[in-house]
Amino acid sequence: TEDGAMYVVTYGEDNTVAHKKLYLVPLGKKGELRIADDTDEIGSYAMYKSKIEKVVIPAGISVVRESAMASCTYLTEVEFLAEDEGATVEPLVIETGVFKTTTALTKLVLPSRLAESVYEEKGTDGNVTKTLHFDPTILDSCTSLEMLEMVGSVKGYYSVIDGLLCNADGTEVIYCPRGRTTPVTIGGTVSVVQEEAFKSCSKITELTVTGGVKYIGKNAFASCSGI
């Protein structure tokens with residue numbers, strides 16, 4: 001255990017740490033959790049329903065498993081740290097439902113090495129009927145989250161512009177946090193608003209789309225009742 005949290009550690013032949021997974025955070029743990037620097041995985045449901053208020057995640061983490069921070073109703077801030085200058089790091093995979101129903105979350109700092117998370121729905125015939133380039137279940141019901149932030153110098157699949165998740169070169173808006181309340185202007189380098197990008201952003205009351213936008217995907221602004 002470290003800082004009150006339980007880890008699962010696998011050692012190599014030379015008795016050095018080969019793999020380290022955050023396994024369990026006690027339900028009653030409060031305050032800030034700084035995950036150990038040599039950790040490379042956060043396990044499924046590792047912090048589920050804990051009373052943690054802030055989590056700081058080192059750059060060595062390469063995967064956050066399903067529902068790792070789900071239903072953490074006291075959690076307001078999650079910060080993925082940037083890699084050290086010149087360091088080699090793995091892409092970060094975030095699995096489905098990681099922050100599901102973490103309704104108090106107001107600040108999420110993501111690393112630029114974030115890997116693409118594809119979400120697909122299939123019809124009764126098994127054929128894919130919908131493909132989204134960010135899995136919205138990751139932030140399902142995070143109704144207090146207004147803006148995303150991004151740190152790091154490693155270029156991955158995404159970027160963040162004005163709190164919106166975009167593709168790496170900033171030409172496509174992929175996802176807007178569902179708690180957004182401040183006005184949105186879609187312009188600049190953006191030419192595409194992807195399918196369901198602003199779906200259920202019901203707190204937005206002012207939105208401007210400039211002439212540089214050439215394509216708006218299906219249901220991009222569905223259930224935006226405040227506009």
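For the pair Glu146 (side chain) and Thr181 (backbone), a donor-acceptor distance under 3.5 Å is present.
Closest approach of Gly43 to Ala68, counting heavy atoms only: O-CB, 3.5 Å. Here the closest non-hydrogen pair linking Thr137 and Lys100 is O-CB, 4.3 Å. Shortest non-hydrogen contact noted between Leu92 and Val63 is CD1-N, 4.0 Å.
We find the CG-NZ distance between Leu132 and Lys130 to be 5.5 Å, quoted to the nearest 0.5 Å. Once rounded to the nearest 0.5 Å, the distance linking CD of Glu196 with SG of Cys201 reads 11.0 Å. Rounded to the nearest 0.5 angstrom, Thr131 OG1 and Lys122 NZ are separated by 10.0 Å. Considering CG of Leu105 and OG1 of Thr143, their distance stands at 10.0 Å, rounded to 0.5 Å. Atom-to-atom distance recorded for Ser144:OG and Arg180:CZ is 15.0 Å, nearest 0.5 angstrom. The structure places SG of Cys176 at 11.0 Å from CG of Leu139, a figure rounded to the nearest 0.5 Å.
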Pairs under 3.5 angstrom only: tabulate donor-acceptor contacts from the side chains of residues 44-59 to other protein residues two or more places apart or in another chain.
unit_1, atom_1, unit_2, atom_2, d
Ser50, OG, Met47, O, 3.1

Can you give each donor-acceptor pair under 3.5 Å made by side-chain atoms of residues 151-159, sequence neighbours left out, with the distance rounded to 0.1 Å?
unit_1, atom_1, unit_2, atom_2, d
Ser153, OG, Glu83, OE2, 2.9
Tyr157, OH, Glu116, OE2, 3.2
Tyr158, OH, Ser117, N, 3.0
Tyr158, OH, His133, O, 2.5
Ser159, OG, Asn167, O, 2.6

Please tabulate, for side-chain N and O atoms in residues 21-33, each donor-acceptor pair with protein atoms closer than 3.5 Å (sequence neighbours left out).
unit_1, atom_1, unit_2, atom_2, d
Lys29, NZ, Asp3, O, 3.0
Glu32, OE2, Arg34, NH1, 3.4

Practice task
Please assess Thr171 against Ser191 for the test side-chain hydrogen bond (donor to acceptor under 3.5 Å, both in side chains), listing each intermediate value before the final yes or no.
Solution key: CA-CA 5 Å; Thr171 58; Ser191 59; 5.0 Å; no

Problem - Derivation of the salt bridge (charged side-chain N to carboxylate O under 4.0 Å, His left out) call for Lys20 and Asp38 - result: CA-CA 7 Å; Lys20 187 171 183 177; Asp38 55 349; 3.0 Å; yes

Handout entry: Derivation of the side-chain contact (heavy atoms from CB on, under 4.5 Å) call for Ile94 and Leu114
Key = CA-CA 8 Å; Ile94 297 181; Leu114 181 62; 3.7 Å; yes

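With a 4.5 Å cut-off between side-chain heavy atoms of Ile, Leu, Val, Met, Phe, Trp and Tyr, the cluster of Ile161 takes in none. In this structure, Phe221 shares a hydrophobic cluster with Leu164, Val173, Val184, Ile186, Val190, Val193, Phe198, Ile204, Leu207, Val209, Val213, Ile216, Ile227, the cluster being traced through Ile, Leu, Val, Met, Phe, Trp and Tyr side chains under 4.5 angstrom apart.
Contact annotation: the side chain of Val160 approaches that of Leu165 to within less than 4.5 Å [non-hydrogen atoms, C-beta and beyond]. Proximity of Phe99 to Val78: side-chain heavy atoms (C-beta onward) are separated by under 4.5 Å at one or more points. Inter-residue side-chain proximity for Leu110 and Phe80 is flagged as met; some heavy-atom pair is nearer than 4.5 Å. Inter-residue side-chain proximity for Thr16 and Tyr11 is flagged as unmet; no heavy-atom pair is nearer than 4.5 Å.
Evaluation of the side-chain hydrogen bond (donor to acceptor under 3.5 Å, both in side chains) rule for Tyr119 yields Glu121 as partners, not counting sequence neighbours. Not counting sequence neighbours, the partners of Phe134 by the ring pair (Phe, Tyr, Trp, His ring centres under 6.0 Å) test are Tyr175. Scored by the salt bridge (charged side-chain N to carboxylate O under 4.0 Å, His left out) test, Arg113 finds no partners at all (sequence neighbours excluded). With sequence neighbours excluded, no residue satisfies side-chain hydrogen bond (donor to acceptor under 3.5 Å, both in side chains) with Lys199.
Residue Glu195 places its CD atom among more than 12 non-hydrogen atoms of other residues, nucleotides or ligands, all under 6.0 Å distant. Dense packing is recorded around CG of Asp169, with more than 12 heavy atoms of other residues, nucleotides or ligands lying under 6.0 Å away.
Among residue pairs with one or both ends in residues 58-71, those qualifying as side-chain hydrogen bond (donor to acceptor under 3.5 Å, both in side chains) are Glu41-Arg65, Arg65-Glu95, Ser71-Thr101; sequence neighbours excluded. Each side-chain hydrogen bond (donor to acceptor under 3.5 Å, both in side chains) pair with one or both residues in residues 210-219, not counting sequence neighbours, would appear here, but there are none. Pairs of residues two or more places apart, or lying in two chains, never qualify as side-chain hydrogen bond (donor to acceptor under 3.5 Å, both in side chains) while including a residue from residues 102-112.
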